[in-house]
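Keep in mind that what you see is a predicted model, and the values were worked out from it rather than measured. Below, chains carry the letters A, B, ... as their sequence lines are ordered, and counting in each starts from 1.
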Amino acid sequence: MDKSKFLSRIDLFQKLSTEELMQIEPIAPMNTIKKGTIIASPQHGGKLLYLVKSGMVRLYKLSEGGKELTVDLLRVGHIFGEIGSFTISSENMYAEAWEDCVICTINKPQFEQLMREKPELALHFIEIISTRLKEVEEMMEHMAYGSVRKRLLYLLHKLSEKFGSGFSMGENEDTDRKWIELEVKLTHQELASMMGSIRETVTEQLTELAAEGIVSKEGQRKPLRVHPERLKMAWDACR
DNA sequence: ACATTAAAGGGGT
DNA sequence: ACCCCTTTAATGT
């Protein structure tokens, strides 16, 4: 089994609450980052903690062949980076501005002072790390042994939890209300990179799922929609 | 890997 | 603002 598949995961980080953000923001320099900019990389090594204030950040690793493995997509309130031995993500991680972003940075002295002044925050950081561990284990379990279809179903489920929004197509509320729209711009390539598969396979599988009424899309570069109930049925059916 | 198609961008009117 | 053309990115096989 390809080792990189084990690294795929989603929703790694728990968000900070708005109150906690208020506590941190005053001491953290804020930067506007343009879409596509690399915010942090293994080379930087600049021991900083980053906090997403707006926009979306993509975390990824590079595999041997230089292929990108998307590890997570972060939004407002998510944190990433490392300071000294305090590491929120694994090492060798790249962070890219997926959209135009506003990012706050915290250095080690600031971070340590903050932890002393606000023990609740320190506790929350511990929770975040624990949650991450749990998520990693759960994702490993699902990505390690399942078929591509099963992994894709699971990924779609996680994505709809994280990015899903209620959605209605029109008059027929009873059936239409059941669709969830994923509020992220995800290409087949992206999905593949999150589940340790290849683009072609994802395309193929998505076409199947669309035929089964589990997913739908209006067109290229349009948001993907999933039908949670049918998704669950399909999931139950393939074990 | 190649072919197709849809969408974004740029220039001119 | 609108139309048309070029270019690029996404998808399909």
Side-chain angles (χ1 to χ4, degrees), chain A residues 1-5 7-11 32-41 52 54-75 93-103 139 142-143 146-165 167-170 176 178-228 230-231 233-235 237-238:
Chain A
M1 172 72 60
D2 183 353
K3 202 174 177 182
S4 71
K5 289 178 183 171
L7 302 170
S8 306
R9 47 191 178 265
I10 269 289
D11 205 14
T32 305
I33 314 279
K34 278 183 205 157
K35 178 179 178 178
T37 308
I38 302 296
I39 300 165
S41 73
V52 181
S54 74
M56 195 176 289
V57 171
R58 183 175 70 111
L59 295 186
Y60 65 94
K61 292 189 152 205
L62 287 185
S63 68
E64 318 75 49
K67 275 163 286 184
E68 296 182 359
L69 179 80
T70 299
V71 166
D72 205 356
L73 299 172
L74 312 180
R75 293 183 294 179
M93 191 76 79
Y94 291 79
E96 170 197 25
W98 182 246
E99 306 170 339
D100 289 355
C101 293
V102 177
I103 307 285
M139 189 53 90
H142 284 96
M143 292 296 137
S147 60
V148 174
R149 157 178 258 253
K150 197 169 171 181
R151 286 187 276 145
L152 180 55
L153 289 171
Y154 183 74
L155 179 60
L156 290 172
H157 170 245
K158 291 304 258 183
L159 286 170
S160 64
E161 278 183 350
K162 190 173 181 183
F163 298 104
S165 78
F167 166 75
S168 179
M169 283 171 68
D176 297 337
K178 295 178 179 172
W179 287 91
I180 298 286
E181 189 165 285
L182 301 187
E183 296 182 318
V184 221
K185 192 195 141 204
L186 289 171
T187 64
H188 296 178
Q189 181 61 65
E190 243 56 73
L191 293 171
S193 142
M194 289 189 277
M195 55 183 283
S197 184
I198 59 171
R199 213 262 309 155
E200 288 86 332
T201 311
V202 170
T203 300
E204 190 179 72
Q205 292 287 312
L206 274 180
T207 309
E208 267 187 38
L209 295 184
E212 296 172 50
I214 297 167
V215 303
S216 72
K217 186 148 77 162
E218 275 184 358
Q220 212 165 267
R221 297 178 217 218
K222 292 284 179 349
L224 193 62
R225 294 173 204 148
V226 310
H227 193 291
R230 293 176 191 156
L231 177 62
M233 285 177 58
W235 170 259
C238 77

Whole-Å distance between [N] [atom2] and [X] [atom1]?
| X | N | atom1 | atom2 | result |
| --- | --- | --- | --- | --- |
| A/I198 | B/dA1 | CD1 | C1' | 12 Å |
| A/R199 | B/dA1 | CZ | P | 12 Å |
| A/L191 | C/dA10 | CG | P | 12 Å |
| A/K185 | B/dA7 | NZ | P | 12 Å |
| A/K222 | C/dT11 | NZ | P | 11 Å |
| A/K35 | B/dA8 | NZ | P | 10 Å |
| A/H188 | C/dT13 | NE2 | C1' | 14 Å |
| A/L186 | C/dA10 | CG | C1' | 13 Å |

Could you tell me whether the side chain of A/E181 and the main chain of A/S165 form a donor-acceptor pair under 3.5 Å?
no

- Would a distance-only check, ignoring hydrogens and angles, find a side-chain to backbone donor-acceptor pair under 3.5 Å from A/S193 to A/Q189? no

Checklist line | Test: A/R75 and A/E183 ion pair at under 4.0 Å | finding: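 Looking at A/E183 together with A/R75, the answer is no, because their closest N to O distance does not fall below 4.0 Å.
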
### Query
For the residue pair A/W235 and A/H142, does the interplanar ring angle fall in the parallel (under 30°), tilted (30 to 60°) or perpendicular (over 60°) class?
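The rings of A/W235 and A/H142 sit tilted, inter-plane angle from 30° to 60°.
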
Open item on the list: Just to be sure I understand the rule, does A/E200 reach a base, reach only the sugar-phosphate, or reach nothing, if contact means heavy atoms closer than 4.0 Å?
Closed with: base

Between A/K217 and C/dA10, does any side-chain N or O lie under 4.0 Å from OP1 or OP2?
no

